[in-house]
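Have a look at the structure below, then the notes.
Residue numbers begin at 1 in each chain, while the letters A, B, ... track the order of the sequences.
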Amino acid sequence: MLPHSFAPAEPSGLADSPTSEPLLAGLNPEQRAAVTLPAGHALILAGAGSGKTRVLTTRIAWLLQNGYATPGGILAVTFTNKAAREMLTRLSAMLPVNVRGMWIGTFHGLCNRMLRAHHKATGLPQTFQILDTQDQLSAIKRLCKQYQIDEERYPPKQLQQFIANCKEEGMRPRDVPQHDSVARKKVEIYQLYEDQCQREGVVDFGELLLRSYELLRDNDAIRAHYQRRFAYILVDEFQDTNRLQYAWLKQLAGDVVEGRLQTQGSVMAVGDDDQSIYAFRGARVGNMQDFVREFDVRQQIKLEENYRSYSNILDSANALIRHNSRRLGKELRTQQGPGEPVRVYEAASDLAEAQWLVDEIRQLVKDGMARREIAVLYRSNAQSRVIESALFNAGVPYRVYGGLRFFERAEVKHALAYLRLLENPHDDTSFLRVVNFPPRGIGARSIEQLQDAARSAGCSLHDAVAAVAGRAGTHLGAFVALVDVLREQTQGLNLRAIIERMLDASGLIEHYRSEKEGADRIENLEELVNAAESFVMQEGFGRDAVALPLDEQRAALRQSPASQGLNPDAPRLDLPLPAVDAAARPGAGTADVDLETGETLSPLAAFLTHAALEAGDNQAQAGQDAVQLMTVHASKGLEFDAVFISGMEEGLFPHENALSSQESLEEERRLMYVAITRARRRLYLSHAQTRLLHGQTRYNLRSRFFDELPEHALKWLTPRHPGFASFARTSGAVYAGVSSATDQFGLKSDSPVNAPLPAQKTPPAHGLRVGTAVFHTKFGEGKVLALEGQGEDARAQVQFPRHGTKWLALAVAKLTVVE
DNA sequence: ACAGGAATATTTTTT
DNA sequence: ATATTCCTGT
């Protein structure tokens, strides 16, 4: 058994102190076991709707209440700001605790907090700014121009991906294998990018994590400090962690001694391998197995009791996900009855599907369901269009999730760029964004001149302005003067005043006033002032955690059912942090590290950080009771009384790009699992025979996922036509999806869109499917994008890397299938 | 400097 | 079909 050292006290296990009863009331045995686990590492497999957040927050409250931990000894990490906020809100409703002392936030938020506290040790300026994805891309493009990198051979988007991937794998340029000249070049660019960021005092999202990880890894005193401090580490959505995030957690938890992890704190990882839907952006479900092995996890608890849905819905989810291999294994169950059947509808077209959705939604609303309790889910954003227009024409209020968020809007980013220049004039990304916006006669030529000057002088664009002569120099000089004067003038002003002065002096407002569609933009700029104001009000800027004022905490507590028996006015558990005992730290006698400096950021710097780390709301205007439209991904973590999953078609869901490998197909299945488990009472699955996609009519088969659902739970609203399974049988495709089959095949392209298809379809003789790799003697290898027509008329649209996309008559063109 | 037309690429996305 | 990006001519 691994040695554990526990601080400050060790929970004794299931023997609760009498005071924890009110906290634990209403928890089922598994939840209760998870909440009251003794010190040591634990994996909680929390199924959808099993009360995961409740367990996490109650665990923290229980640890605090029983004195097993102080607020300063807790670290709880999530992926989204929303999840972190929810945890804080629920926690402060349970206990009158000062949440300010706790480290509860996103990975990025906590890393940011750590880097600011130790900026000297990390080699960053204290007021380093954070590049979002847009900023990062423009920084890379600028770098490519500067070093004359062939953007054909090294597309900036790809470089961005490459750099982000490297960082997620914990690799600095020197760590990246350089097998060939292309790899060498990419690494060289990576290094140049790093130098540029360092020079400008900016970090990207990946850098926040990597720097923080390296800080812990390379600095014994700091690592020891945090290892001692965080007696309890809790990780939400653990299945979504990437390699670097896991490595970061390991640094916080303990050191590897003689090949074994010697931990100080206890790590509780909460996750669900069946809901892992972010492998495409680096999430590694394997971290769950690694965690169990490397941390020698003894406590594994499954939360399988579902409090959300009726059993027909859960049976469907369970049956579907059983088709995945390599699962940790889990079955959702409920004490509720079967409820209503899952309704399945086949529409003739995407239009007809949307119309049916509208009719069904209207009926639900008429029967008394709130519109906000109805969600329409789809696999990809492009599908929302038809549905939106059907809802719009019917006058049904709806809300679409996704799209640009507040702090990502162009006008807001412009304003933020000005503010960032006030904070840091050497931020070239911000400089370039607004040097000629609003237009002030500084063209591409002048900027090139300036960039050349900056490069030869090895300084920032701001500092290079003096070196540019002539008219260009005059205009540039005026811009720099504007920013510098503004910086002077805003010294000592409050945040609101700073922003107002900036909006005025920059000419942004005036510029948009003269633009025809500028009204919305001006509104957003005014909203920026409000956002800053409410940020300041929230006290405690410089921290990502949002703390409720004490009286609000107590008010929430009075209303909370979890607070029964607690005294809302009891003194706060505002215990001091454990002192860092330098003498007791092995080999740290001389260390004079500024551990967790008390330096605070200026309100402006703090606000800019906030803007970068929390891009704002992702949904359109709230308030009105509206039907919710979103992708399946966006629906994760939400629940609704009625859920429609639309576009249940082969090629769409599962997506055609995911058919090539077992892993990606299984991720699609998990995605479907997530979608199903969003529904509380009613679940509808719909698909259309024809659908307009990329300007072309496509004929899609019913999704294979239907064949994986239990017949007893389904109610077919329309007669069943043969679906993927029958196609797969007749065409010899492997049903489990190992082959790259999609089941799209050609029907006469001029068949009327709304006419029902013939009941019996025949599989194509040519054996091609969308996604098939083919070889053409003249054009080389290509991929089938679409198929049309039958027999002699059959045509295929094929995309060739060299020759573009072409329609080929299969009777004429000699195409061979590439395995 | 900027408008307008051609070329291009369309899974999912948080920080 | 459509949104975005790129490029060219004025």
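The aromatic ring of H108(A) does not stack onto the base of dT15(B), failing the criterion of a centre distance under 5.5 Å from the six-membered base ring together with planes under 30° apart.
Contact annotation for F280(A): base contact, defined as any heavy-atom pair under 4.0 Å involving a base atom. Among the atoms of the strands shown, only primed sugar atoms or phosphate atoms (P, OP1, OP2) are found under 4.0 Å from some heavy atom of N381(A).
Under 3.5 Å, the side chains of Q136(A) and D204(A) contain a donor-acceptor pair of N or O atoms.
Residue F280(A) places its CZ atom among more than 12 non-hydrogen atoms of other residues, nucleotides or ligands, all under 6.0 Å distant.
Not less than 6.0 angstrom separates the ring centroid of H119(A) from the ring centroid of F128(A).
Closest to the T133(A) side chain, of the nucleotides dA1(C), dT14(B), dT15(B), is dT15(B).
Atom C1' of nucleotide dA7(B) and atom NE2 of H694(A) are separated by 16 Å, given to the nearest angstrom. The distance between atom OH of Y401(A) and atom C1' of dT14(B), rounded to the nearest whole Å, is 16 Å.
Between dT13(B) and T631(A), a contact under 4.0 Å exists linking OP1 or OP2 to a side-chain N or O.
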Below 3.5 Å between N/O atoms, which protein atoms pair up with nucleotides 4-10 of chain C? Just atom names and distances, please.
none

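Using P as the reference atom, dT12(B) and dT5(C) are 16 Å apart when rounded to the nearest Å.
Shown here are the ring-ring contact (aromatic ring centres under 6.0 Å, His included) partners of H414(A), two or more places apart in sequence or in another chain: F437(A).
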